[in-house]
K.L.:
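Structure provided below as structure tokens; questions to follow.
Just the heavy atoms: all of them, side chains too, but no hydrogens, waters or symmetry mates, feed the values below.
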Amino acid sequence: MSLKRVVCGISGGVDSAVAALLLKRRGFEVVGLFMRNWDIRDEKGKCSSDVDEEDAAWVCKTLDIPFFQVNFVKEYWHEVFSELIKDYTEGVTPNPDILCNRHVKFNHFINHAESKFGTNAIATGHYAKTSAGYNLQQIDPDIGVTLLCSKDTEKDQTFFLSQISQKALQKTIFPVGDLLKHEVKRIAVEAGMERIAKKKESMGICFIGSRNFHNFIEDYIEPKEGNFVDVETGKIVGKHKGHHYWTIGQRCLIQGLPKAFFACEIKADTNEVIVALGTDHPALFTDTLRLGPCHWINSPPPSLLQSGQFDAKFRFQHKHPLVGCSGKIDQTGHCSLTLDFPMRALTPGQFAVFYQDDVCVGSARILEVGPTLYELDVRERVVFPKEFS
């Protein structure tokens, strides 16, 4: 198979457009491939995939590269969306972007590129880098490659790539990883793609689009009335339409109560949402986590090989600053994690993502959070650093 040919995922946005352009400038034979992962129209009768596909085709025509489309709707539904619905039903909050990258973009996409176009090299517009750069043919499989943070720290997307496999990473190029966002837009404009450079950036989850989440989720999970329960008094302070509408840390607008309550625990078995008064309530903070098995992108930290313990930097939300942590792997492969200080709204179903310097080393799914400061009888309101708010 030729490594000169690269299949570039073209989303219809500026990042993937510039990724394809940079590949072409380096002399690669570039094939543009648009992935359709969702095809259900919203209440306005629109499917954002239709517009994105038109823009993707326009980009490929402008760059004079072939354009193809592949339908992964079935794969996305079974491997990402059905798991999302299951998680919400069970009272946990999933991260569909991480799951989509693991199952679709860096699995089915790569397999399609190999079988359809005879190449084992792909590229995307993600803000990330690898230790191999463009030189995939020089990778030593025994050493592997590392996933590196992008030059643009504000746009860095290694968080969302933290579950992809080493095999996939060895076949992937991230052309915009050495650029800042404003540089990407400038390159697009200079190349005659001002239309794409000015396009509003998609920030939400693809299948929700512009819809309200509560309206969207009702199509898949039947509303069922339950109670808001005050964590301090144990008393019912209001009603909700189902625990699946809420996530840890979210403000709960409770009818008739002007005070600000926030969800601090979801009890799926009783359909209760436990709430705490105030955004800095101790019931929202904890510094210990129970994780599922860790996925190491290349190899586990050296200290882990010696003792089953490791030290790293941690985040569980894309733009949160990094926090020091220490982990211990038990005999089942699960991980107990302790943070350097308590954090707000740590949420089962999300991912703990680990970094060492500028390397994203891997991640693990949060299964449960340890006792909150309130449960530990630390009753003081917590001073929450501005950078985390």
Side-chain angles (χ1 to χ4, degrees), residues 83-99 159 203-205 207-287 289 315-320 342-352 365-375 381-389:
E83 289 299 309
L84 175 142
I85 296 301
K86 179 175 177 286
D87 283 344
Y88 276 119
T89 302
E90 294 177 352
V92 299
T93 303
N95 191 313
D97 293 321
I98 289 179
L99 296 179
F159 178 88
M203 300 298 289
I205 299 173
F207 49 76
I208 295 180
S210 61
R211 283 173 289 180
N212 175 277
F213 175 78
H214 283 204
N215 294 338
F216 168 82
I217 202 67
E218 285 180 1
D219 291 339
Y220 302 94
I221 304 177
E222 184 176 353
K224 182 181 179 182
E225 187 176 81
N227 296 322
F228 288 116
V229 178
D230 188 334
V231 68
E232 292 196 18
T233 66
K235 294 181 179 179
I236 297 172
V237 293
K239 299 286 185 179
H240 58 75
K241 295 192 298 181
H243 68 267
H244 54 276
Y245 290 96
W246 306 97
T247 187
I248 304 300
Q250 182 180 2
R251 181 172 179 177
C252 303
L253 298 176
I254 302 175
Q255 188 174 6
L257 292 181
K259 296 180 180 180
F261 281 91
F262 295 81
C264 61
E265 184 181 358
I266 308 296
K267 291 189 173 183
D269 55 342
T270 58
N271 195 27
E272 292 177 320
V273 177
I274 311 303
V275 295
L277 181 60
T279 187
D280 59 353
H281 193 284
L284 291 163
F285 290 79
T286 186
D287 61 0
L289 299 166
R315 64 164 51 108
F316 82 106
Q317 290 185 354
H318 170 39
K319 291 193 175 182
H320 265 197
M343 292 190 67
R344 182 182 184 276
L346 294 167
T347 307
Q350 294 291 295
F351 284 84
R365 198 168 194 237
I366 299 173
L367 300 182
E368 57 184 333
V369 300
T372 66
L373 297 187
Y374 183 75
E375 291 172 303
R381 298 283 166 167
V382 181
V383 178
F384 196 50
K386 289 183 179 179
E387 60 265 31
F388 291 93
S389 59

K.L.:
Can you tell me how far apart CD1 (I248) and CD (E265) are? Round to the nearest 0.5 Å.
P.N.:
7.0 Å
K.L.:
Listed by chain and number, what are the side-chain hydrogen bond (donor to acceptor under 3.5 Å, both in side chains) partners of D87, not counting sequence neighbours?
P.N.:
R365
K.L.:
Nearest 0.5 Å, what's the OG1-CD distance between T286 and E375?
P.N.:
8.0 Å
K.L.:
For H244, run the side chain to side chain contact (heavy atoms under 4.5 Å, CB included) check against V273, I266, I217, T89 and tell me which one passes.
P.N.:
I217
K.L.:
How far apart are the closest heavy atoms of I254 and G238, and which atoms are they?
P.N.:
CG2-CA, 3.7 Å
K.L.:
Under 3.5 Å, side chain of Q350 to main-chain N/O of T93, donor-acceptor pair present?
P.N.:
yes
K.L.:
What closest approach, in Å, do P348 and L367 show between heavy atoms, and which atom pair accounts for it?
P.N.:
CB-O, 3.7 Å
K.L.:
To the nearest 0.5 Å, tell me how far H240 NE2 sits from E225 CD.
P.N.:
8.5 Å
K.L.:
Would you check, one step at a time, whether the test side-chain contact (heavy atoms from CB on, under 4.5 Å) holds for F351 with L99?
P.N.:
CA-CA 10 Å; F351 284 84; L99 296 179; 4.2 Å; yes
K.L.:
Please state whether the rings of Y374 and H281 are parallel, tilted or perpendicular, taking 30° and 60° as the class boundaries.
P.N.:
tilted
K.L.:
Kindly compute the distance separating CD1 (I274) from CH2 (W246), expressed to the nearest 0.5 Å.
P.N.:
14.0 Å
K.L.:
Test R344 against T279 for side-chain contact (heavy atoms from CB on, under 4.5 Å), laying out the working first.
P.N.:
CA-CA 9 Å; R344 182 182 184 276; T279 187; 3.1 Å; yes
K.L.:
Looking only at heavy atoms, which two atoms of P94 and L84 are closest? And how far apart?
P.N.:
CG-CG, 3.7 Å
K.L.:
Starting at CG of D230, measure out to CD1 of I236 and round the result to the nearest 0.5 Å.
P.N.:
11.5 Å
K.L.:
How close do L277 and A260 get, counting heavy atoms only, and between which atoms?
P.N.:
CD1-O, 3.5 Å
K.L.:
Quick check: are there more than 12 heavy atoms from other residues, nucleotides or ligands sitting under 6.0 Å from NZ of K239?
P.N.:
yes
K.L.:
Could I get the full list of ring-ring contact (aromatic ring centres under 6.0 Å, His included) partners for F159, not counting sequence neighbours?
P.N.:
none
K.L.:
Report the C-alpha separation of I85 and I221 in whole Å, then their side-chain angles, then the decisive distance to 0.1 Å, and conclude whether the side-chain contact (heavy atoms from CB on, under 4.5 Å) test is met.
P.N.:
CA-CA 8 Å; I85 296 301; I221 304 177; 4.0 Å; yes
K.L.:
How close do P223 and Y245 get, heavy atom to heavy atom, and via which atoms?
P.N.:
CG-OH, 3.4 Å
K.L.:
Determine the minimum heavy-atom distance between F261 and V275, stating which atoms define it.
P.N.:
CD2-CG2, 3.6 Å
K.L.:
Who are the side-chain hydrogen bond (donor to acceptor under 3.5 Å, both in side chains) partners of H243, not counting sequence neighbours?
P.N.:
N271
K.L.:
Say you draw a straight line from OG1 of T270 to CG of N227; how long is it, rounded to the nearest 0.5 Å?
P.N.:
8.5 Å
